[in-house]
Amino acid sequence: QVQLVESGGGLVQAGGSLRLSCVASGSIFSINAMGWYRQAPGKQRELVAVITSSGSADYSDSVKGRFTISTDNAKKSVYLQMNSLKPEDTAIYYCNADIRVSLWRPSVSAYWGQGTQVTVSE
């Protein structure tokens, strides 16, 4: 079993900062990439940022220059530092990881956390 657990969401005023954390646990052989997605009310889930195990990161245009994704491979964790937050950043933020669970099974599967609410007020 693989679990992803997020933390760090909350309520913040526009212009403020929050740091999200996500830790993966369970039967994990390797993690290819970890990322953050978000879903606002009435909208589809969208990619926010992703980072590979080698440290290559990519961001959606809407958060470039404001958000920074990072990982601690030893802790099987991914972080999202969110600065200069805007009301339009309000959403449930989900952690995602592409995980290989066993040396004997080469396939990689996507796993999701339960989500953490981020609310940015005017």
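- No side-chain donor-acceptor contact under 3.5 Å links Ser56 and Ser54.
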Show me the donor-acceptor pairs, under 3.5 Å and distance only, between side chains in residues 115-122 and residues at least two apart or in other chains.
unit_1, atom_1, unit_2, atom_2, d
Thr116, OG1, Gly9, N, 3.3
Gln117, NE2, Ala91, O, 3.4
Gln117, NE2, Thr119, OG1, 3.3

Show, in sequence, the C-alpha distance, side-chain angles and deciding distance for Asn32 and Ser53, and conclude whether the side chain to side chain contact (heavy atoms under 4.5 Å, CB included) test is met. CA-CA 5 Å; Asn32 288 10; Ser53 57; 5.6 Å; no

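- For Asp89, the side chain to side chain donor-acceptor pair (under 3.5 Å) test picks out Arg38, Arg66, with sequence neighbours left out.
- Looking only at distances, a side-chain donor or acceptor of Arg100 sits under 3.5 Å from a matching main-chain atom of Ser102.
- Shown here for Ala57 and Ile69, the closest heavy-atom pair between the two residues is CB-CG2, 3.8 Å.
- Of the possible donor and acceptor atoms, none in the side chain of Gln1 sits under 3.5 Å from a partner among the backbone N and O of Ser27.
- The stretch residues 38-58 participates, sequence neighbours left out, in no ring pair (Phe, Tyr, Trp, His ring centres under 6.0 Å) pair at all.
- Closest approach of Thr90 to Ala40, counting heavy atoms only: O-CB, 3.7 Å.
- Side-chain atoms of Ile28 and Tyr111, non-hydrogen and from C-beta on, never get closer than 4.5 Å to each other.
- Applying the disulfide (SG to SG under 2.5 Å) rule to pairs touching residues 16-93 yields Cys22-Cys95, sequence neighbours excluded.
- For residues 48-85, no pair satisfies ring pair (Phe, Tyr, Trp, His ring centres under 6.0 Å), with sequence neighbours left out.
- Qualifying side chain to side chain donor-acceptor pair (under 3.5 Å) partners for Gln3, counting only residues two or more places apart in sequence or in other chains: none.
- Qualifying side chain to side chain donor-acceptor pair (under 3.5 Å) partners for Ser70, counting only residues two or more places apart in sequence or in other chains: none.
- Taken from NZ in Lys75 to CG in Asn73, the straight-line distance is 12.0 Å, to the nearest 0.5 Å.
- For residues 42-77, the set of pairs meeting the disulfide (SG to SG under 2.5 Å) definition, not counting sequence neighbours, is empty.
- At a cut-off of 3.5 Å, with distance as the only test, a side-chain donor of Glu6 or Gln114 sits close to an acceptor on the other residue.
- Taking all atoms of both residues into account, the shortest heavy-atom contact from Leu18 to Gly8 is CD2-O, 3.9 Å.
- Remark: the Asn83 side chain and the Ser17 side chain contain an N/O donor-acceptor pair separated by less than 3.5 Å.
- Within the hydrophobic cluster formed by Ile, Leu, Val, Met, Phe, Trp and Tyr side chains joined at under 4.5 Å, directly or through other members, Tyr94 is accompanied by Tyr37, Leu47, Val50, Ile92, Trp112.
- Within the hydrophobic cluster formed by Ile, Leu, Val, Met, Phe, Trp and Tyr side chains joined at under 4.5 Å, directly or through other members, Phe29 is accompanied by Leu103, Trp104.
- Among residue pairs with one or both ends in residues 8-36, none qualify as salt bridge (charged side-chain N to carboxylate O under 4.0 Å, His left out); sequence neighbours excluded.
- Every side chain to side chain donor-acceptor pair (under 3.5 Å) that Lys64 has, sequence neighbours left out, goes to Asp61.
- Atoms OH and CE, from Tyr93 and Met82 in turn, are 5.5 Å apart once rounded to the nearest 0.5 Å.
- Considering CE of Met34 and CG of Leu4, their distance stands at 5.5 Å, rounded to 0.5 Å.
- For the pair Ile31 and Ile99, the tightest heavy-atom approach, listed with the atom from each and the gap, is CG1-CG1, 3.9 Å.
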